[in-house]
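Working notes, beginning with the structure itself.
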Amino acid sequence: MRTSRPEGNSVFALFSATATTGRRNARRRIAAAAVATGLLAMGSVAGAGSAAADEPGQNPGGAAATLDGLKTWDDAILTYKDGDKTKKKEIAAGLFEMTVDGGGSLQSYCIDIHNPTQDKAKYLETPWGQTSLGANKDAGKILWILQNSYPQVNDLAALAEKAGIKGKLNKKTAAAGTQVAIWRFSDGAEVEAKNKAAEKLADYLESSAQTLQEPKTSLTLEPSAVSGKAGSKLGPVTVQTNATEVSVTGPADAAVSGVKVTDKDGKPVTSAANGAELYFDVPEGAADGSGSLTVEATTTVPVGRAFASASKSQTQILAGSSKTTVTANATATWATKGAIPSVTAEKNCAKGGVDVTAGNEGDSPFTFELAGIKHTIAPGESKTVTVPVAEDQAYDFTITGPNGFSERFQGVLDCETQGTPAPETPDEEETPSSEPTPASAGGSSEGTTGGEGDLAATGGSSATPMIAGIAVVLVVAGGAAMFILRKKKATAGQ
């Protein structure tokens, strides 16, 4: 996919709305909407999906991991409405595993029962507010379940006794019962564990759950972008972490630029703790440019942290963590005169879009264009613009500025859970199903019940679906209208 950028203080915004649900009616819905706007450009979903999976976008901090699949699971029965009919479907329910970039492993449950996972999807630690948990009044109860069930509780005999289970729990049934209880709060799903002991555990967890507060991040930097004039200290950038200590690495070209990472007194910093304030110390006369700092630590990621994917793979919630590598980075832009911009972006589920915050620490206005509208940031000011993005759709936009300034932001807006599977319509063209069949639940072509095998979807297919469809490319420039595709989904608990 090629992009071109206008010169000067402007932005080229590219939005890619890609059909990723794999449901039989996905292509027809998207094509019809695109034709109505007259803005449809054909592309390859395979390419778009691969790019999203390989490049999860800017890492605001925390753990980044690759999904290894569903490892410990048993069967569950999902009841749902298909038009006027009530249907039941056998699905796999259990515990996923992930491999962390840089070292470590994670265990997680899913919190979007009707969305599939994608094979080897990349995940980033994400605040609740940027996922479906942000609007879910029962999110804190899910955290209680995680803290009071498997794998945080390894004594399965004690867990069975507490839940009033007369039989025995094993890892598979404990994982299934825990996932079923989570789905009841995350998706408002009517779902039961097939195993009696697992179902008893699910009922106990559901009835006992209490509301807890969102756990704090493993590591982040706030803000993640600063700017200012050469000859000054730019910042502060504040470290937020649960680690005892983080290492701090300054710009790669520090020997040439002379830019150092220091504390507020100008003392060079190579390590820091929670709450530390870091600065980019830019020497007088430094050539206009930019640089970044990176912080890294080894820590345990708090149970209950959300993990979101840029490839539209179902959102996960953390159930367990080994000692894990976590990182975060921040950028700085400096110049001697003119506009000196800084730009950050984050998902805003409450407004259904992406908040782009632009600041200007220069002595001239910074003007850029976003979603067909020009914005001017006066010296010393900042402004936040919410760019509307359709639910479940990919976004990819770049903001450019003076002296080679360029910031690219990518991701998928996944703020809601889908209340019921899309109905199957016989006259629609066949595409890979995102739901399992009783024969394939559990990840075996022979339909083996329960296991600790490699199934890459919970409430999804037993083999990762090869998603087919249409890539919709929307170019937002000048007065071009922005296309917004809204897919209606029932929010959990509503």
Side-chain angles (χ1 to χ4, degrees), residues 53-68 95-109 111 120-131 133 143 146-147 151-152 213-226 235-252 261 269-278 291-311 313 315-332 344-347 409-411:
D54 293 339
E55 190 172 358
Q58 291 193 350
N59 185 355
T66 301
L67 190 69
D68 292 328
L95 196 61
F96 287 87
E97 293 182 10
M98 300 188 205
T99 298
V100 178
D101 296 356
S105 61
L106 306 173
Q107 294 175 302
S108 63
Y109 291 102
I111 52 173
K120 298 300 179 182
K122 302 291 186 180
Y123 279 80
L124 295 176
E125 184 179 342
T126 304
W128 283 6
Q130 296 182 35
T131 72
L133 294 172
L143 176 56
L146 293 166
Q147 292 181 349
Q152 287 301 303
Q213 295 299 309
E214 177 181 3
K216 294 182 179 180
T217 179
S218 64
L219 176 63
T220 193
L221 293 173
E222 180 62 36
S224 59
V226 294
V237 175
T238 303
V239 177
Q240 297 177 359
T241 183
N242 69 341
T244 303
E245 184 178 75
V246 301
S247 65
V248 181
T249 305
V261 179
V269 174
T270 58
S271 63
N274 182 52
E277 294 184 340
L278 308 177
S292 64
L293 68 82
T294 300
V295 295
E296 181 175 296
T298 300
T299 188
T300 301
V301 182
V303 168
R305 291 294 291 172
F307 278 76
S309 170
S311 60
S313 186
T315 305
Q316 304 282 309
I317 190 164
L318 192 68
S321 169
S322 69
K323 286 290 184 180
T324 291
T325 300
V326 294
T327 61
N329 60 67
T331 61
T344 61
E346 65 177 25
K347 299 173 188 176
F409 303 99
Q410 297 172 280

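Y123 has its side chain out of reach of L106: every pair of non-hydrogen atoms, C-beta onward, lies at least 4.5 Å apart. No side-chain heavy atom of Q107 sits less than 4.5 Å from a side-chain heavy atom of L318. For the pair T126 and F307, the minimum side-chain heavy-atom distance is 4.5 Å or more. Using a 4.5 Å heavy-atom cutoff, the side chains of L278 and V295 are in contact. Taking 4.5 Å as the limit, some side-chain heavy atom of P251 sits within range of a side-chain heavy atom of V261.
Among the candidates V246, T298, T299, the single residue satisfying the side chain to side chain contact (heavy atoms under 4.5 Å, CB included) test with V326 is T299.
Minimum interatomic distance between T300 and K323 (heavy atoms only, all atoms of both residues): OG1-CD, 3.9 Å. Across V100 and A63, no two heavy atoms sit closer than the pair CG1-CB, 4.5 Å. Of all the heavy atoms in N329 and S224, the pair that sits closest is O-CB, 4.0 Å. Pairing each heavy atom of A328 with each of G61, the nearest pair is CB-CA, 3.5 Å. The shortest non-hydrogen separation linking E277 to T238 is CG-OG1, 4.0 Å. Taking all atoms of both residues into account, the shortest heavy-atom contact from T244 to A273 is O-CB, 3.9 Å.
One finds the CZ atom of R305 at 10.5 Å from the CG atom of L133 (value rounded to the nearest 0.5 Å). The line from CG of D68 to CE of M98 is 9.0 Å long, rounded to the nearest 0.5 Å.
One N or O on the side chain of Q152 and one on the backbone of A319 form a donor-acceptor pair closer than 3.5 Å. For W128 (side chain) and P215 (main-chain N/O), no donor-acceptor pair under 3.5 Å exists by modelled atom type. Of the possible polar contacts, one joining the N274 side chain to the T241 backbone as a donor-acceptor pair under 3.5 Å is found.
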Q: Give the C-alpha distance, both sets of side-chain angles, the deciding distance and a yes or no for side chain to side chain contact (heavy atoms under 4.5 Å, CB included) between T325 and E296.
A: CA-CA 7 Å; T325 300; E296 181 175 296; 3.9 Å; yes

Q: Could you walk me through whether S311 and S309 pass the side chain to side chain donor-acceptor pair (under 3.5 Å) test, one step at a time?
A: CA-CA 5 Å; S311 60; S309 170; 2.8 Å; yes

What side-chain donor-acceptor pairs closer than 3.5 Å can you find for residues 216-223, not counting sequence neighbours?
from	atom 1	to	atom 2	distance (Å)
T217	OG1	L219	N	3.1
T217	OG1	L219	O	3.4
S218	OG	E125	OE1	2.6
S218	OG	E125	OE2	3.4
T220	OG1	P60	O	3.0

